[in-house]
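So the structure is just underneath, and the comments pick up after that.
These numbers were taken from a predicted model, which means no experiment stands behind them. Heavy atoms only: backbone and side chains are in, while hydrogens, waters and symmetry mates are out.
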Amino acid sequence: MSIRSRLLLLAAATLLATQAFASDRLTLRIGDQKGNMRAQLEAADALRDLPYDIRWAEFPAAAPLAEALNAGAIDAGIIGDAPLLFVLASGAPVKAIAVDKSDPYGTALLVRPDAALHSAADLKGKRIATGRGSIGHHLALKALDQVGLSEKDVEFRFLGPVDAKIALANGSVDAWSTWEPYTALAELSGQGKVLVNGRGLSSGNSFLAATDKALDDPARKAALQDYLARLAAAQVWAYQHLDSYSQTLAAIIGFPQDAARLQFERRQLRWQGIDAKTIGEQQETADFYHAHGLMNQRLDVAPTFATGFTVPATGSLAQH
């Protein structure tokens, strides 16, 4: 055999070996909302030396992300407490593996700055835009309930964030029940003011949720644990480097840097493992939805949480 033939054979064998290695390398399919997780990980350089690949899928809101989880199009994603309940109530094979606690101020009912509305009681007979089953929907119902009103006293318009923002601006709706970073953007751009904020009404919980199929695969489950640890460390880093993080986040989500910073800074996010308090808060939200007819049957949330995932203590995270 000639030297040329041997070199060609060696090259072919190397290519085949490389392709085989590449096919063996695990890929995590992660669903994100407005660059939330990805921006933190990239800004903190927390994706260095990953023993697996990440395929990102960005969603404008929880509803399409929930559909992707249900369909198995992604392995895991970040999702608020209320929309996660609808995923679970539909029988989707999904479980929450960790919780991101926050100050829920920015989950809020917005009105136009010139609106003659001063409290939730003024919403009687008004039109409210929000996403069906979203944390905004939950907040609106809680705000109405607190002042003795119900969904029958208002007209809900179920819209995505972009359409809801336009509807509020042109007067098609009187209020928009939304979440960060849309709240911060509306405030700083002068397009909206907070009528009711989420403190005392919303748990402020978001979850990293994964499909049962991903959790049943030992290699994928291990990758998810590694991802969670990197994510928690990156979030601590982001709060220690707000300017740098805000710049990265703004570029990813296409928002002004001041809005990107405000929404993140005031949320005071912190990843935690699932505990009894979190499960109890999720049960309260499920029971509220059931009482208001949004769920046909009472949902026992306990089985919808996965065990075995840990989040390093904040002190050790800050050292990374």
Side-chain angles (χ1 to χ4, degrees), residues 30-48 50 54-65 68 74 76-80 83 100-108 110 112-113 129-131 134-136 159-166 168-169 176-194 197-198 202 204 206 208 227-228 230-271 317-318 320:
I30 301 293
D32 202 6
Q33 289 192 58
K34 274 296 176 189
N36 186 310
M37 297 185 292
R38 183 180 177 183
Q40 291 172 30
L41 289 160
E42 290 186 356
D45 196 24
L47 298 176
R48 184 191 298 271
L50 271 182
I54 294 178
R55 185 186 305 154
W56 295 103
E58 185 174 301
F59 299 89
L65 189 151
I74 55 176
I78 189 165
I79 188 168
D100 206 12
K101 299 278 185 177
S102 75
D103 180 334
Y105 175 89
T107 302
L110 304 179
R112 289 184 300 283
T130 194
S134 68
I135 55 175
L159 302 170
V162 174
D163 291 334
K165 177 185 175 183
I166 294 170
L168 181 65
W176 174 22
S177 196
T178 189
W179 51 89
E180 301 286 21
Y182 303 107
T183 299
L185 181 62
E187 288 179 285
L188 292 177
S189 65
Q191 296 177 319
K193 67 177 181 180
V194 173
N197 72 68
S202 172
S206 292
L208 183 61
Y227 174 83
L228 175 59
R230 290 171 185 263
L231 182 62
Q235 188 165 269
V236 171
W237 181 95
Y239 279 110
Q240 294 170 343
H241 303 82
L242 278 168
D243 288 336
S244 178
Y245 169 65
S246 301
Q247 189 173 357
T248 301
L249 177 61
I252 288 177
I253 68 176
F255 274 41
Q257 189 172 339
D258 59 349
R261 177 175 177 135
L262 174 62
Q263 65 87 28
F264 181 72
E265 186 173 17
R266 69 183 177 191
R267 290 169 77 189
Q268 292 301 303
L269 293 154
R270 56 209 179 275
W271 281 102
L317 288 173
H320 282 66

Provide the closest heavy-atom pair for [X] versus [Y] in the form atom of the first, atom of the second, distance.
| X | Y | result |
| --- | --- | --- |
| A76 | L208 | CB-CD1, 4.4 Å |
| R230 | A46 | NH1-O, 2.8 Å |
| A39 | I252 | CA-CD1, 3.6 Å |
| R270 | Q268 | NH1-O, 2.9 Å |
| G80 | I135 | CA-CG2, 4.0 Å |
| S102 | G204 | OG-O, 2.8 Å |

### Query
When the ring planes of H241 and W237 are compared, do they come out parallel, tilted or perpendicular, using 30° and 60° as the limits?
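Ring orientation of H241 relative to W237: parallel.
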
When rounded to the nearest 0.5 angstrom, what distance separates [atom1] in [X] from [atom2] in [Y]?
| X | Y | atom1 | atom2 | result |
| --- | --- | --- | --- | --- |
| M37 | S206 | CE | OG | 10.0 Å |
| L262 | Q257 | CG | CD | 12.5 Å |
| Q263 | L249 | CD | CG | 6.0 Å |
| D100 | L269 | CG | CG | 4.5 Å |
| N36 | L41 | CG | CG | 9.5 Å |

**Asked** Do R112 side-chain atoms and L168 backbone N/O form a donor-acceptor pair below 3.5 Å?
**Response**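 Judged by distance alone, yes, a pair lies under 3.5 Å.
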
Checking the side chain of Q33 only, and the main-chain atoms of I78 only, is there a donor and an acceptor separated by less than 3.5 Å?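 Looks like yes, one N/O pair under 3.5 Å.
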
Can you run down the salt bridge (charged side-chain N to carboxylate O under 4.0 Å, His left out) pairs that involve residues 249-264, sequence neighbours left out, and say none if there aren't any?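 Passing the test, one end in residues 249-264: D243-R261, R261-E265.
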
ring-ring contact (aromatic ring centres under 6.0 Å, His included) partner of Y239, the single match among W271, Y245, F264: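 Result: among W271, Y245, F264, F264 is the only option passing the ring-ring contact (aromatic ring centres under 6.0 Å, His included) with Y239.
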
Check your understanding: Is R266 atom CZ crowded by more than 12 heavy atoms from other residues, nucleotides or ligands, each under 6.0 Å away?
Key ->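 It does: R266 CZ has more than 12 such atoms within range.
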
Report yes if the side chains of [X] and [Y] come closer than 4.5 Å at any heavy-atom pair, otherwise no.
| X | Y | value |
| --- | --- | --- |
| P181 | I253 | yes |
| W176 | L159 | no |
| I30 | I74 | no |
| W179 | S134 | yes |
| F255 | L188 | no |
| T107 | T183 | no |
| T130 | T178 | no |

